[in-house]
Number of protein chains: 2
Amino acid sequence: MSTGEPKPYHHGELRPALLHAASGIIREAGIDALSMRRLADRVGVSRTAPYHHFKDKNELLCAIAEMGFADQDRMIGALIEGIGTDDGARLFENWVHAYIRFAHDNPETYDLMYGKEIWKQGEPTAVLRQVSKASFRLWVELVGELQRQKVLPASPPALRTAQACWATLHGLARLLIDGVYVQPGDLDEIANTAVELLTQRACGRDVPGTSA
Amino acid sequence: MSTGEPKPYHHGELRPALLHAASGIIREAGIDALSMRRLADRVGVSRTAPYHHFKDKNELLCAIAEMGFADQDRMIGALIEGIGTDDGARLFENWVHAYIRFAHDNPETYDLMYGKEIWKQGEPTAVLRQVSKASFRLWVELVGELQRQKVLPASPPALRTAQACWATLHGLARLLIDGVYVQPGDLDEIANTAVELLTQRACGRDVPGTSA
DNA sequence: CTAGGTAACTTGACGCCGTCAAGATATGCT
DNA sequence: AGCATATCTTGACGGCGTCAAGTTACCTAG
């Protein structure tokens, strides 16, 4: 029974129970419906019980965001495993769509992961900072590979190119999530346009394999 | 004295006074510091007085966002007037930097203009919808001109290209505002990278004026 | 096996928040 | 002058995050 980790004994598993319940509330009713009091109620403990496992609400949100990064990394990992890194163009295109789909499927979590609520308004946890940095490093590495395969231009270094490309993805994701200008139905097409713009296929460059 | 518009007589100019005070609070202390009660206090009226000029807080925020769009349009207008539409490449580059700078200088307003608080969580006012749509249409028209000048690829129609390009701008702005990954100092460079990516200058195309 | 310490949890309270209901007040129109 | 109406006020409700002080259950040292 004892897994070595420190566990609450009164409730038994309050911390994980809180995280699970919080995810449920967010999924069902949105991030605005998540309050410490409601959460405690849902789990069946008193209003302030959660404060023994999370210093404040910000820490709880950070923990949820962490789980989001874990999910995202898992998804991206599965993508790479399924496609491989040989066909960079295909990988990039799939990456973009997968990224957008993740944001679409987990809008509230995505907002926590990359939104101001944690990053500007409150302080991100040290753990969260680390997790998100690791996630971004993965992205930079992929961009480097794409540059080597000439899917992306080689001229600005990988970091800059990764930042710029990711800004595009992030922008698309936010448009979708925040419901600004773009309807969900258009998004796949817009994502394709973005891919074309970024990979310069619309530029008149020869697609590899078609040149003499 | 009477301008034809309906004016409050007790306070005299409550509505504009509220908007002005709200802008002040946002500028000085951030959007989170803006509450209806505090706002009323600042103007010197009772807690519920603002509710006679704005149905609820959402409507107040929409009105502030409207002012933001007006500011942005004014800025863009000045840009076009200063540069003209002949040198599309230069206009595009300046547009991008101006857009980012606007977001940087008015982060809270930008967030209201394009954030979920109004667009998803609450309902945007009919007026706000109209204003923002007009603003976006301006952008689509500019993109069309840039396509004609071959600064941007002609293949996806203006609307799609505009959406995709704007997503990039929006993504950059959000990274800056939300404080994710990007430091303010790097932003100009990243913006340049984005411009290069989108305008395909890194692609080997001749820059207009250098070809025979 | 018991005593003490500590971690987990509860109850109560404080000061915020948005906003509704009901009353007071001043204004413009007939 | 009198009435309708727009403007503003006071009071109240339920919700929020979280601090302080108390209670309970467990763990460990003697």
Side-chain angles (χ1 to χ4, degrees), chain A residues 1-22 25-26 28-64 108 112 116-118 121-123 125, chain B residues 1-22 25-26 28-64 108 112 116-118 121-123 125:
Chain A
M1 179 89 65
S2 81
T3 58
E5 298 178 45
K7 289 191 294 186
Y9 18 98
H10 280 167
H11 174 280
E13 295 278 355
L14 224 204
R15 203 191 130 102
L18 287 170
L19 286 174
H20 182 260
I25 292 174
I26 288 177
E28 293 162 18
I31 190 73
D32 298 317
L34 177 63
S35 74
M36 294 300 269
R37 299 167 100 107
R38 213 197 254 252
L39 175 60
D41 226 48
R42 172 104 147 208
V43 175
V45 293
S46 76
R47 290 160 277 141
T48 57
Y51 284 88
H52 291 266
H53 300 272
F54 301 98
K55 195 187 105 232
D56 51 24
K57 192 179 182 182
N58 180 65
E59 275 206 355
L60 172 72
L61 297 180
C62 284
I64 297 172
E108 318 276 352
L112 279 182
K116 65 180 280 205
E117 175 131 25
I118 285 177
Q121 196 170 117
E123 273 294 296
T125 306
Chain B
M1 180 79 71
S2 82
T3 58
E5 299 178 44
K7 289 190 296 183
Y9 19 99
H10 280 170
H11 174 281
E13 294 279 356
L14 226 203
R15 202 190 130 105
L18 288 169
L19 286 174
H20 181 262
I25 292 175
I26 288 176
E28 294 163 17
I31 189 74
D32 298 317
L34 177 64
S35 73
M36 296 298 270
R37 298 168 99 108
R38 214 195 253 251
L39 175 60
D41 225 49
R42 173 105 148 206
V43 175
V45 293
S46 75
R47 290 160 275 141
T48 57
Y51 284 88
H52 291 266
H53 300 272
F54 303 97
K55 198 187 101 231
D56 50 23
K57 192 178 182 183
N58 180 65
E59 275 205 357
L60 172 72
L61 297 180
C62 285
I64 298 172
E108 318 277 351
L112 278 181
K116 65 179 279 204
E117 175 132 27
I118 285 176
Q121 195 172 116
E123 273 295 296
T125 308

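Residue numbers begin at 1 in each chain, while the letters A, B, ... track the order of the sequences.
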Check: CZ of B:Arg15 versus C1' of D:dC8: gap in Å, rounded?
Finding: 17 Å
Check: Just how far, in rounded Å, is P of D:dC16 from CZ of A:Arg42?
Finding: 14 Å
Item checked: Side chain of B:Leu14 (C-beta onward), nearest among C:dT11, D:dC8, D:dG17 -> D:dC8
Notebook entry, point to check: Of all the choices, C:dC9, D:dT18, D:dC8, which nucleotide is nearest to the side chain of A:Asp56 once you look at every atom?
Noted result: D:dT18
Checklist line | Integer-rounded Å distance: C:dT6 P and A:His53 NE2 | finding: 18 Å
Next item on the list: Using atom NZ of A:Lys57 as one end and atom C1' of C:dC16 as the other, report the distance to the nearest whole Å.
Entry: 14 Å
Item checked: Integer-rounded Å distance: C:dT10 P and A:Asp41 CG -> 11 Å
Check: How many Å lie between NE2 on B:His52 and C1' on C:dG23, as a whole number?
Finding: 11 Å
Check: Does B:Arg37 or A:Arg47 map to a spot on DNA chain C nearer the 5' end, using the closest nucleotide for each?
Finding: A:Arg47
Notebook entry, point to check: Within a strict 4.5 Å, meaning less than it, do heavy atoms of the B:Leu39 and B:Phe54 side chains meet?
Noted result: no
Margin query: Between A:Lys57 and A:Glu117 (salt bridge meaning N to carboxylate O under 4.0 Å), is one present in this structure?
Written below: no
Next item on the list: Nearest whole angstrom, please: distance from the P of D:dG17 to the CZ of A:Phe54.
Entry: 14 Å
Next item on the list: Taking atom types as modelled, find out whether B:Gln121 and A:Asp32 have a side-chain donor-acceptor pair closer than 3.5 angstrom.
Entry: yes
Next item on the list: Figure out the CD/P separation between A:Glu13 and C:dA7, and round it to whole Å.
Entry: 18 Å
Check: To the side chain of A:Ser35, which of C:dG18, D:dC16, C:dT10 is closest?
Finding: D:dC16
Check: If you measure from the Lys or Arg side-chain nitrogens to the Asp or Glu carboxylate oxygens, is any gap between B:Glu108 and A:Lys116 under 4.0 Å?
Finding: yes
